[in-house]
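We count residues from 1, following the sequence as given.
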Amino acid sequence: KPLFCDLYGNPSSMHTFGGQIGRKIGRAREQTATLLGCEPSEIVFTGCGTESDNAAINGTLAAVPNKRKVITSRVEHPAVLTVCRELENRGYTVVEIGVDGQGRIDLDELEREIDDDTALVTIMYANNETGTIFPVEKIAEMVHSKGSVFHTDAVQIVGKIPLNLKDSAINLLSLSGHKLHAPKGVGILYIRKGTRLSPYM
């Protein structure tokens with residue numbers, strides 16, 4: 001509440017009033033990095049989880065313009081599925097991997113689909129409707145071994161399942177602050193050091 005009512009300065013400004021906000025954002029970045037098991041420099045704040053997903057997907061494609069294929073699942077949140085389907089209108093090949101009756105993804109189908117033209121694989125960590133948890137670490141290693149980038153929408157699991165991204169093959173991870181009692185309008189994108197991502201803003 002104080003940050004909305006009293007401490008509303010611009011954190012990027014040079015004056016003292018704004019500088020104190022910048023320090024608070026720095027502290028929030030450190031706390032988030034501790035939660036995710038990564039470095040503070042790997043945390044980027046966004047306006048929401050949807051923006052984080054879009055930044056990850058579009059930023060990856062802009063960074064590797066010679067690759068024109070994206071793989072996702074048929075049961076992704078609209079924040080991912082809508083942008084992936086829109087990519088087809090821009091000439092990308094988008095493959096949606098199916099799931100079985102318990103909502104589990106077909107890993108064999110996924111592995112077959114990853115080829116030299118695959119820029120990105122984006123699979124959610126846990127489904128927001130069924131609660132199914134995907135084997136994201138295994139998928140990330142599979143994608144990494146084939147030379148593609150892996151993104152996961154982890155909005156549903158952060159704070160519920162321990163994460164240690166330092167020891168993970170995940171390149172990009174999105175979360176939404178309001179799931180953790182942060183104010184609405186706060187999202188986070190984890191960008192693993194060394195991951196190529198072009199800013200779209």
Side-chain angles (χ1 to χ4, degrees), residues 36 38-39 41-99 104-128 134-158 163 165-176 187-201:
L36 299 180
C38 66
E39 297 297 320
S41 61
E42 296 174 310
I43 298 297
V44 174
F45 290 112
T46 65
C48 60
T50 298
E51 184 183 337
S52 296
D53 288 333
N54 277 259
I57 294 166
N58 287 310
T60 298
L61 297 180
V64 286
N66 57 316
K67 294 189 175 188
R68 306 289 294 178
K69 184 175 181 180
V70 175
I71 301 172
T72 189
S73 84
R74 201 164 292 146
V75 295
E76 293 296 307
H77 188 278
V80 167
L81 211 48
T82 303
V83 70
C84 286
R85 289 174 177 170
E86 175 60 29
L87 290 171
E88 292 181 302
N89 297 330
R90 290 163 46 192
Y92 285 90
T93 299
V94 177
V95 176
E96 296 178 15
I97 306 295
V99 296
R104 296 174 300 193
I105 195 164
D106 187 333
L107 294 179
D108 292 332
E109 182 185 356
L110 174 60
E111 188 165 22
R112 285 194 303 271
E113 286 290 352
I114 303 171
D115 57 23
D116 292 340
D117 196 38
T118 304
L120 176 74
V121 176
T122 175
I123 304 287
M124 60 176 24
Y125 212 120
N127 187 274
N128 54 298
F134 293 96
V136 163
E137 294 295 347
K138 186 174 182 179
I139 294 171
E141 288 171 11
M142 179 196 302
V143 173
H144 189 259
S145 71
K146 290 177 173 278
S148 297
V149 173
F150 179 69
H151 164 256
T152 185
D153 181 325
V155 166
Q156 297 298 328
I157 67 99
V158 173
L163 290 174
L165 294 176
K166 197 178 297 181
D167 298 327
S168 169
I170 295 170
N171 297 102
L172 302 158
L173 179 143
S174 300
L175 68 90
S176 184
I188 286 169
L189 178 60
Y190 157 78
I191 307 172
R192 185 177 186 83
K193 249 178 223 173
T195 299
R196 294 174 62 193
L197 196 76
S198 293
Y200 72 101
M201 288 172 54

As a quick check of understanding, evaluate side-chain contact (heavy atoms from CB on, under 4.5 Å) for V99 and N127, giving each step before the final call.
CA-CA 11 Å; V99 296; N127 187 274; over 6 Å; no
Do you know which two heavy atoms are closest between [X] and [Y], and how far apart they sit?
X    : Y    : result
I123 : S73  : CD1-N, 3.7 Å
V94  : C84  : CG2-O, 3.2 Å
A154 : Y125 : CA-CB, 4.0 Å
A56  : H151 : CB-CD2, 3.4 Å
K193 : S41  : CE-OG, 3.6 Å

Atom pair [atom1] ([X]) and [atom2] ([Y]), whose distance is rounded to the nearest 0.5 Å:
X    : Y    : atom1 : atom2 : value
K166 : E39  : NZ    : CD    : 5.0 Å
S198 : L61  : OG    : CG    : 10.0 Å
F134 : L107 : CZ    : CG    : 10.0 Å
I114 : R112 : CD1   : CZ    : 11.5 Å
T46  : N54  : OG1   : CG    : 10.0 Å
E88  : E86  : CD    : CD    : 9.5 Å

Are any non-hydrogen side-chain atoms of [X] and [Y] less than 4.5 angstrom apart?
X    : Y    : value
L189 : L197 : yes
Q156 : H77  : no
E96  : E76  : no
Y190 : L172 : no
D117 : R68  : yes
T50  : T82  : no
I43  : I188 : yes
L120 : N171 : no

Look at the side chain of [X] and the backbone N and O of [Y], then say whether any donor-acceptor pair between them is shorter than 3.5 Å.
X    : Y    : result
E113 : E109 : no
R196 : A63  : yes
S52  : C48  : yes

How far apart are the C-alpha atoms of M124 and N128, what are their side-chain angles, what is the distance that settles it, and do they pass the side-chain contact (heavy atoms from CB on, under 4.5 Å) test?
CA-CA 9 Å; M124 60 176 24; N128 54 298; 3.6 Å; yes
Could you tell me if D53 and S174 have a donor-acceptor pair between their side chains, going purely by distance under 3.5 Å?
yes
Ignoring hydrogens and geometry beyond distance, is a side-chain donor-acceptor pair present between E137 and S168 at under 3.5 Å?
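E137 vs S168: donor-acceptor pair found between side chains.
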Can you check side-chain contact (heavy atoms from CB on, under 4.5 Å) on L36 and L175, steps first, answer last?
CA-CA 10 Å; L36 299 180; L175 68 90; 4.0 Å; yes
Checking side-chain contact (heavy atoms from CB on, under 4.5 Å) between F150 and each of I170, L173, T122, which is the one that passes?
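That would be I170; it is the only one of I170, L173, T122 passing the side-chain contact (heavy atoms from CB on, under 4.5 Å) with F150.
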State which residue, out of V121, T72, T118, I71, fulfils the side-chain contact (heavy atoms from CB on, under 4.5 Å) condition with V95.
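Checked V121, T72, T118, I71 against V95; only one passes side-chain contact (heavy atoms from CB on, under 4.5 Å): I71.
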Heavy-atom count check: over 12 atoms from other residues, nucleotides or ligands less than 6.0 Å from N89 CG?
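Yes, because the 6.0 Å sphere around CG of N89 holds more than 12 heavy atoms from other groups.
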Residues, nucleotides or ligands: over 12 heavy atoms within 6.0 Å of K138 NZ
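No.
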